[in-house]
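Down below is the structure, laid out as C-alpha cells.
Predicted, not measured: the structure shown is a model, and the values here were computed from it. Labels below follow one simple rule: chain letters A, B, ... track the order of the sequence lines, proteins then strands, and each chain is numbered from 1. What's counted below: heavy atoms across the whole structure, side chains too, no hydrogens, waters or symmetry copies.
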Amino acid sequence: MSDSATPAPPRGLPMIPEASGALAIIGLGAIGYFLFPDDLAFLTRLIGITLLVLSLDLVTGYCGVATLGHAAQFGVAAYAAGIACVRGVTDPIALLGVGLVAGTMMGLISGALITRFRGLPQLVLSIAVGQLVAALANKLSWLTGGSDGLSGITPGKVFGLYGFDMYSRTAFLFSLGVLLIVFVVLSRFVRSPFGLMCRGIKDDDLRARMIGVSIYPRLVVMYGVSGAVAGLGGALTAISTGVVGLDSVSFERSAEVLVMLVLGGAGHLWGALAGALIFQIFEHIVAAANPFHWMMLVGLLLIGIVVFAPRGLIAPVMALATRLARKGDA
Amino acid sequence: MTRRATTVSALAILCLASGVAAADTIKVGVIGTMSGPYALFGKNFKMGIDAWVAENGTKVGGHDVEFIYRDEESPNPAKSKAIAQELIVKDKVQYLAGAYFTPNAMAIAPLLEESKTPLVVMNAATSSIVEKSPYIVRTSFTMWQNTVPAAKTATKNGAKKVAIAVSDYGPGIDAEAAFKKTFEADGGAVVEAIRIPLATTDFSPIMQRIKNSGADTIFTFLPSGPPTLGFVKAYLDNGLKVAGVKLMSTGDVVTEPDLPNIGDPGIGILSTYHYSVSHASPENASFLAQIKKGGGNVDEVTMTSVAAYDGARLIYKMIEATAGQRDPVKAIAAVKDMTWVSPRGPVSIDPATRHIRQNVYLREVAKVDGKLINREIQTFDAQPDWALSKE
Amino acid sequence: MRIVLSIATDALAYGMVLFIISIGLSIMMGLMRVVNLAHGAFAMIGGYLASYAIRDLNAPYGLAILIAVIGAIVVSIPFEALLYRRIYRKSDPLIQVLMTIGITFVIIGVVNYIFGPSLKSIPLPNALSGPLDIGFRMVPTHRVFVIACGLITALLLWLLIEKTEFGIKLRASVDHSDMADALGIRTEIIYAVTFALAIGLGAFGGVVGAEILPIEPFYALRYMVTFLVVVSVGGAGSITGALSASLLLGLADTTGKYLAPEFGEFFFYLTVIIIVFLFPRGLFGRSHA
Amino acid sequence: MTELFKARNISLAFGGLRVAQDVSFKLAAGDRVALIGPNGAGKTTLVNLMTGDLAPGNGRFTMAGDDITGFSIAERVRRGLVRTFQTTRLFQTLTVADNVALAIMQRRRITRRVFSAATERPDVRAEWLEILALLGLDRLAYRQVVELAYGQQRLIELAIGLALHPKVLLLDEPAAGVPHDEAPKILEAIDRLPPDIAVLMIEHDMDLVFKFAKRVLVLAAGRLIFEGAPSDVTADHEVRRAYLGSYADARSAS
C-alpha cells in the first residue's frame with residue numbers, strides 16, 4: 001500500500017471499462033456468428049432479453065428497486081415498434097427509435113408509481129403495474145392482436161442495404177451492434193455522478209437525503225433510462241422475430257429476467273450480461289433436451305445461487321479483479 | 001439485392017441443399033404443447049404419430065423419417081416462431097407439423113415460403129391459417145366447420161335466444177362469428193356475446209351474466225384444457241342446467257379425458273365435433289388398438305391424436321411424392337386432393353383450401369357401460385370449412 | 001338488486017378462497033417477514049394430495065382434506081429447515097423473492113413429474129356438489145361450503161391468536177420482533193409452528209378452493225403473486241386485513257368479470273394499485289412492517 | 001451576529017410519550033453549541049426534528065428567516081442544514097472517495113450529469129483529497145467503506161459533513177466509538193471549520209464539551225432546562241436534578 005498523500009486511482013485509463021466491454025461483446029458476438037451460424041435466431045432473441053436484463057440491472061442492481069414487473073417496459077416498446085411497423089414505419093432504425101421512446105415513457109410511468117415506496121409495497125406495485133399492462137395488452141386486441149399476437153411485422157432493410165431473413169444474420173449483427181452501443185454507453189453512465197448517486201441511494205437512502213439528494217425524481221429518471229434500454233430490447237425482439245405476443249409483457253418474463261440478473265450478479269453490468277447469457281443458454285439446452293422438467297433444474301440452480309453465491313456468479317470474479325488491481329497499485 | 005446479401009443467401013441455399021442431399025434421414029419437426037397445462041395434447045400428437053409410424057414403418061421409399069418434437073407450451077407466438085426457425089435452420093427439417101394454438105401457427109406461417117417447408121397443422125382451428133401460406137395443409141378442423149352444425153342443431157332444437165361465450169382469441173372469435181351468422185340467418189337471436197380471456201378459470205360470474213340475459217341456450221367454445229372443465233362445472237353448479245338452459249358447444253369443451261371429471265351431471269350435453277373416441281368404425285377400433293399397443297392410454301385420447309395420425313399419413317405421402325427431395329409445391333400438390341377413411345370417418349383434403357373436409361357429428365354425453373362417452377346421434381356429411389369455401 | 005346480490009355471492013366465495021389460502025401467508029409474512037412466493041406451491045401440493053387421496057385411494061372428502069393438510073406440512077418441513085430459516089427477517093426482499101421462486105419451480109417440476117401435467121379434479125361428495133337455491137339465485141353448493149370454511153377459519157384463527165398461549169407469544173413476537181428473544185420466547189419454535197400453520201392453511205385453501213382455482217402444475221406460478229398481493233393489500237400479519245383485502249379484491253375481480261370479462265384481471269390490479277397508494281402498509285398493516 | 005437557525009416551541013409526542021416539549025433556541029453564525037442531557041432525554045430526536053426526519057407536532061423551524069418546517073430533508077440540506085449520524089450511515093459498498101465525492105458533487109449540483117466520470121474529475125478529486133487528508137483518511141480513499149473499522153467510519157461521517165459546506169452543522173456524538181489516538185483529529189477538524197458557520201454538537205464527553213462549546217443546551221425529558229455558558233452548567237440546580245434525578249429525589253424523600 002502506498003504511503004503517498006495522493007493515492008492513485010485503482011485503475012489507470014479512464015476508458016478501460018468501456019473498451020473492455022466493447023471487446024468482450026465483439027468477441028462473444030464473433031464466437032456466436034462464426035461457430036454457431038445455425039443458432040443465430042436464438043442468439044438474436046438472447047440479445048433482446050439481455051438488454052432487458054441490463055435495463056433491470058439499472059433499477060434493481062444500481063438503485064435497489066425490487067421489481068417483478070419489468071417486462072412492462074420491454075413489452076410496451078415491442079408492441080409500439082410492432083404496431084408502427086405494421087402501420088407502415090418499416091425502417092429498422094426508426095423502429096428502434098419508436099421502441100426507445102415507448103420504453104422511456106413506460107419507464108417513467110412505472111417509475112413514478114413504483115419508486116414512491118420501498119420494500120413490500122414497492123414489490124407489489126411493480127407486480128400490479130406489470131399485470132395491468134398485460135391485461136391491457138390482451139384487452140386492446142384491435143391494436144395488439146391480443147392472445148393471437150401481433151404478427152405481420154416485416155421491417156425493411158437496415159440502412160436500406162441488409163434485409164432480415166430466416167437465418168437471422170442481419171438481425172443478429174444488428175442486435176449485436178445495438179447491444180454494443182448500449183453496453184458502452186451504460187458503462188459510462190453507471191460511473192457518472194448520476195450513476196454513482198444511484199448506487200449511493202441503494203446503499204442508504206436516508207444518507208443520500210442527508211447530503212441533499214431528492215431521491216424520488218432521481219429514481220424516476222433512472223427508471224426512464226432503464227425503460228429506454230428495455231425499449232430497445234423490445235423493439236429489437238419485435239423486429240427480429242416479426243411477432244409480438246402477450247408473453248412479452250407477462251409476469252413470467254419479468255420473473256425470468258430477475259432470475260437472470262441475480263444469477264449473474266445485480267449491481268454490475270457484467271453481472272447482468274453474464275447472467276443473461278448463462279441462463280438463456282442453459283435454458284435453451286436443457287429445455288430442448290427435456291422440455292418437461294427444465295423448470296426444476298432452474299429452480300435448483302436458483303436456490304443454489306441464493307444459498308451459495310447470493311451476490312451472483314460475477315461477485316467472485318469482480319473480487320479477484322479488484323484484488324489484482326490493488327496488487328498492481330502497491 | 002446487394003452483392004453481400006446475394007452471397008449470404010446463395011451460401012444459405014447451398015448449405016441447405018447440401019444438407020438435404022447428404023441426409024438420408026428426412027426430419028419432421030413437430031411443434032406441440034409438450035409441457036404445461038396443455039401437455040395432454042402434445043402427448044396426443046405423439047401418440048397419433050407413433051401409431052402411424054408403428055403401422056407404416058420408419059422408412060418411406062428408402063428414406064428414414066425422423067420426428068423431432070419441440071414444445072410450444074402455451075399461446076406464445078414469438079417462442080413458436082423461434083422454435084420453427086430453429087427446426088428449419090439448425091435441425092434442417094423438411095416438414096413442419098403440429099401447432100396446437102392458432103397464434104403459434106400464424107407466427108410460423110411466414111417462414112414456410114422462404115424455407116420451402118410445408119406445414120401440416122394438426123390442431124390450430126382458425127379458418128384463415130391456411131391462407132397465410134400456400135404450403136399449409138390442415139388435418140384437424142376449423143371453428144366454422146364444427147360451429148355451423150351446432151347453430152343448425154340449436155335452431156332445430158327450438159332455441160330462440162342464445163348467449164355466446166368464447167375464449168378471446170382467434171378461434172373463439174371465429175366460433176362466435178360462425179354461430180352468430182348461421183343462427184341469425186335461421187331467425188334466432190343472439191342476446192349476449194361474451195369474450196373470455198384465455199387465462200380465466202372462474203366462470204361463475206359469467207354464468208350469472210348469461211342467466212340474467214334470459215338466454216335459453218348457451219353456445220360456447222374454449223380450447224380444450226383447464227378452462228373447459230371449469231366452464232362446464234360452472235354451468236352445472238350455477239343451476240343453469242336445472243333451470244333448463246341448454247349448453248351447445250363444439251367438442252373441445254367435452255373432450256373424453258374431461259368427461260369423468262365432469263361426471264354424471266354432464267349427461268345430455270350436446271356438442272358438434274368431427275371425432276369421438278367412441279366412434280364406431282373398424283378404422284377407429286384399429287387406431288385405438290394401435291395406441292394401446294404402443295403403450296398409450298386410450299382414456300387420454302383426444303381428437304388431436306387423430307389429426308396427428310392423419311397428418312403423419314400426409315407427410316408420408318408428401319415424402320413419397322417428392323422422392324425425399326425438398327419440393328414443397330410438388331409435396332402439397334400430392335396431398336391436396338387426397339381422400340381416405342380416417343378413424344374419425346371418411347375425409348378428404350379440399351384442393352381449394354388445403355383444409356380437411358369431414359363429417360361432423362352431433363353428439364350427446366351419455367353413460368354407456370358405466371363410462372361417460374360422447375354418443376354420436378346425427379351426422380352432418382362432408383362438411384367443408386364454411387368460412388373458406390364458397391359453398 | 002338481484003345482480004348486486006349475485007355478484008356479491010360469487011365475490012364472497014372467491015374472496016373466502018383467497019382468504020383461506022392467504023391468511024397463512026399473511027401470518028408468516030407478519031412474523032417472519034418473508035416474501036414467500038412459494039405459498040401457492042404448497043397450496044397446490046395440498047390440492048394434488050387431496051385429488052390423489054380421493055381418486056386413487058377412495059378416501060372420503062374430509063379425510064382427503066386432512067391428508068392434504070398433513071401431507072403438505074410434512075413436505076414443507078425440509079424446505080423450512082434447510083431453506084426458509086436462512087431468509088427469515090432478511091431485510092432484502094430480493095433474496096427472498098428469488099429463493100421462493102426457485103422453490104416454486106422445483107415444486108412445479110416435481111409435481112409435474114409425479115402427477116403429470118394435466119388438470120387434477122378433486123371430486124366433491126354429493127352433499128357439496130350441484131346447485132343450491134338460496135332464494136335470489138342458484139349457487140353451487142360448494143361455494144356455500146367455501147364461505148362457511150372461510151368464516152370458520154377466521155373464527156378459529158382469531159381464537160387461536162387472541163386466546164391461547166401460543167397466540168400471545170405469536171403476537172408478542174410480531175409486535176416486538178427484536179424483543180422476542182429477550183422476552184424468553186423461543187423464536188425458532190414459534191417460527192416452525194407458524195410455518196406449519198401457514199402451510200396447513202394454504203393446503204386447506206388449495207383443496208377447498210380447487211373448484212375456483214383449479215389444480216394443475218402451473219397453479220403455483222399462475223397464482224404466485226395473487227396471494228402475495230392479497231397479503232400486502234391487507235397488511236401482513238393481520239387477520240382482519242387479510243379478510244377485508246380478500247373480500248375487497250374478490251369483489252373487484254368478480255365485478256370486473258361480470259361486467260367486462262374481456263378485461264381479465266385489469267380491475268383486480270387497478271384496485272391493488274389504488275389501495276397500495278392510499279395504504280402503503282396495507283389496510284390493517286402495522287407501522288413497523 | 002446573524003441568526004442562522006431558530007427553533008420555536010417545538011413539541012412532539014409518540015403516543016403518550018412526549019419526546020419534545022416546547023423547545024425553543026437559536027443558532028447564530030459562529031455559534032459553537034453543545035447539546036447535552038441524560039440518556040433518553042430526546043437529543044437525537046431533536047436533531048431528527050431539525051433535519052426533517054421527523055415532523056414536529058407543534059412549532060416552527062426557520063433558517064435565515066425562512067420557515068423550513070414543511071421542507072423535506074433534502075431541501076434543508078441544500079439550504080445548508082447538515083448533520084452527521086450517531087451510528088454511521090454511509091454508502092457502505094462505495095469507496096471512501098466516492099462517499100465524499102458524492103457529497104461534493106451534490107453540493108456543486110453536478111450529480112445530474114450522466115456522462116462524465118464521477119469521482120476522478122480533477123476539481124472534485126482535489127477537494128475530496130484535501131478533506132480526507134485533513135482527517136488522515138487519504139490513504140484509505142479507494143477502500144470500500146464496509147471494510148473499514150468503526151472509528152474510521154465515524155471520521156468519514158465527518159468528512160461528508162465537511163464536504164457539504166454547511167451553514168448549520170449538527171454533530172451527533174462525533175467522537176463516540178473513535179479510538180483515542182484518532183479523536184484529536186476530529187477536534188482538529190471541528191476547530192478548522194469556517195468560523196461563520198453554526199455548529200451544534202451532541203456530546204457526552206464533558207471534556208470535549210468544555211473544549212468546544214461556548215454555549216450549552218441541556219435537554220431532559222424532551223424539555224430544554226438550561227441554556228448558558230459551560231462554566232455555569234454544572235452548578236445549575238435543574239441540571240443536577242436531571243442528571244442525578246432519582247438519586248437526589250431519593251435523598252430528599254428520606
Heavy-atom contact with chain A under 4.5 Å, split by part of [X]:
| X | value |
| --- | --- |
| C:L83 | side chain |
| C:F277 | both |
| C:L37 | side chain |
| C:V276 | both |
| C:V97 | side chain |

Is A:N138 close to C:F263 at the side-chain level, that is, under 4.5 Å between some pair of heavy atoms?
->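 Not in contact.
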If we only count heavy atoms from C-beta on, is the A:L120 to C:L228 side-chain gap below 4.5 Å?
->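 Yes; the side chains approach each other to less than 4.5 Å.
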Nearest heavy-atom neighbours spanning [X] and [Y]:
| X | Y | answer |
| --- | --- | --- |
| C:I273 | A:A128 | CG1-CB, 3.5 Å |
| C:I101 | A:A255 | CD1-CB, 4.2 Å |
| C:V106 | A:L300 | CG2-N, 3.5 Å |
| C:F105 | A:G299 | CB-CA, 3.6 Å |
| C:P280 | A:P121 | O-CG, 3.0 Å |
| C:M99 | A:I303 | O-CG1, 4.2 Å |

Measure the [atom1]-[atom2] distance between [X] and [Y] for me, rounded to the nearest 0.5 Å.
| X | Y | atom1 | atom2 | result |
| --- | --- | --- | --- | --- |
| C:L221 | A:M295 | CG | CE | 5.0 Å |
| A:F117 | C:R281 | CZ | CZ | 10.0 Å |
| A:Q131 | C:F268 | CD | CZ | 9.0 Å |

Assess whether atom OH of C:Y52 is packed by more than 12 heavy atoms of other residues, nucleotides or ligands within 6.0 Å.
->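 For C:Y52, atom OH is not crowded (no more than 12 foreign heavy atoms under 6.0 Å).
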Above 12 or not: heavy atoms from other molecules or residues under 6.0 Å from CZ of A:R311?
->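 Not more than 12 within 6.0 Å, no.
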Under 4.5 Å from any heavy atom of chain C - which part of [X]:
| X | answer |
| --- | --- |
| A:S141 | neither |
| A:E252 | side chain |
| A:V129 | both |
| A:L123 | side chain |

Pick whichever of C:V229, C:V225, C:T104 has the most heavy-atom pairs under 4.5 Å with chain A.
->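 That would be C:V225.
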So which of C:G282, C:A260, C:S232 has the largest heavy-atom pair count under 4.5 angstrom toward chain A?
->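 With the most close heavy-atom pairs to chain A, the winner is C:S232.
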Using a cut-off of under 4.5 Å for heavy-atom pairs, which of [options] has the most such pairs with chain C?
| options | result |
| --- | --- |
| A:V133, A:L301, A:L302, A:L258 | A:L302 |
| A:T67, A:L68, A:I127 | A:I127 |
| A:L136, A:L132, A:V124 | A:L132 |

